[in-house]
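In what follows, a structure is listed as structure tokens, so that the remarks can point back to it.
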Amino acid sequence: MKFFIDTANLQQIMEAQELGILDGVTTNPSLMAKEGIKGDANIKKHYVDICNIVKGGDISAEVIATDFDGIVREGEVLAALHKQIVVKVPMIKDGIKAIKYFSSKGIKTNCTLVFNAGQALLAAKAGATYVSPFLGRLDDISSDGLLLIEQIVHIYRQYNLPTQVLAASIRHTMHLIKCAEIGADVATCPLNVITGLLKHPLTDAGLAQFLADHAKLNG
Ligand code: G3P
């Protein structure tokens with residue numbers, strides 16, 4: 001399973017990159033706003049900065065337009081910024097049309113805001129590179145987000161659909177581990193979820209003991 005980081009924070013992207021396990025980045029307008037990135041030129045520069053940190057990884061950059069012409073116009077500009085850019089398109093009717101168009105032009109896409117299997121099926125039919133089901137937001141409303149990931153993985157495998165399942169809106173380490181068990185292609189999560197995988201009290205206790213025993217004999 002590929003690990004993407006879900007942030008527009010350059011420090012956090014660098015930290016995950018330095019860990020050596022980062023395969024890509026997802027951003028969205030809310031994450032860009034959280035970092036205070038505003039204005040067309042700054043937003044574009046920020047995407048390029050991210051691409052330059054995560055060499056070779058796919059970087060999702062989301063369109064703001066919601067009509068076909070606008071999505072295509074914005075998406076083509078974003079895709080031209082850097083070869084690592086993946087155009088992130090919302091799951092709406094004109095979004096599906098635009099994904100089909102981008103797919104015919106060889107532009108990678110990430111279909112976002114997916115909340116059921118029917119939407120995921122449509123995204124795959126249109127030729128999306130990635131589909132982003134938001135599992136945490138489903139859990140928030142007492143729906144089973146992991147069950148949706150499982151359902152989409154099953155449907156795609158059944159028909160050998162090449163669209164990659166990118167589990168998004170991941171809130172904690174168990175979400176991440178369960179996504180790996182289910183067979184999601186990618187999980188995108190905040191840095192604290194990725195680094196949360198490092199933690200185990202027995203690791204800490206064991207290491208402390210090893211170091212103490214070594215120090216007893218070696219000073
Ligand atoms: O990639 C989508 C993700 O950012 C949504 O996460 O935590 O806002 O539901 P969240």
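Start at 1 and go down the list; that is how both ligands and their atoms are numbered.
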[X]/[Y] ion pair, N-O < 4.0 Å:
X: K216; Y: D213; result: yes
X: K108; Y: D58; result: yes
X: D49; Y: K45; result: yes

Any donor and acceptor pair, going by atom type alone, linking the side chain of D6 with main-chain N or O of P190 inside 3.5 Å? no

Y156 side chain to A120 main-chain N or O, any donor-acceptor pair under 3.5 Å? yes

Please list the nearest protein heavy atom to atom 2 (C) of ligand 1 with its residue and the distance rounded to 0.1 Å. F134 CZ, 3.3 Å

Of the protein's non-hydrogen atoms, which lies at the shortest distance from atom 6 (O) of ligand 1, and what is that distance? S169 CA, 3.4 Å

Any N/O pair D6/ligand 1 closer than 3.5 Å: yes

Any nitrogen or oxygen of R137, side chain or backbone, less than 3.5 Å from one on ligand 1? yes

Which bit of N28 is near ligand 1, meaning a heavy atom under 4.0 Å away: side chain, backbone, both or neither? side chain

Between A168 and ligand 1, which part of the residue brings a heavy atom under 4.0 Å of the ligand: side chain, backbone, both or neither? side chain

Judged by modelled atom types alone, do Q164 and K2 share a side-chain donor-acceptor pair under 3.5 Å? yes

Here the atoms of ligand 1 under 4.0 Å from any heavy atom belonging to R171 are 7 (O), 9 (O), 10 (P)

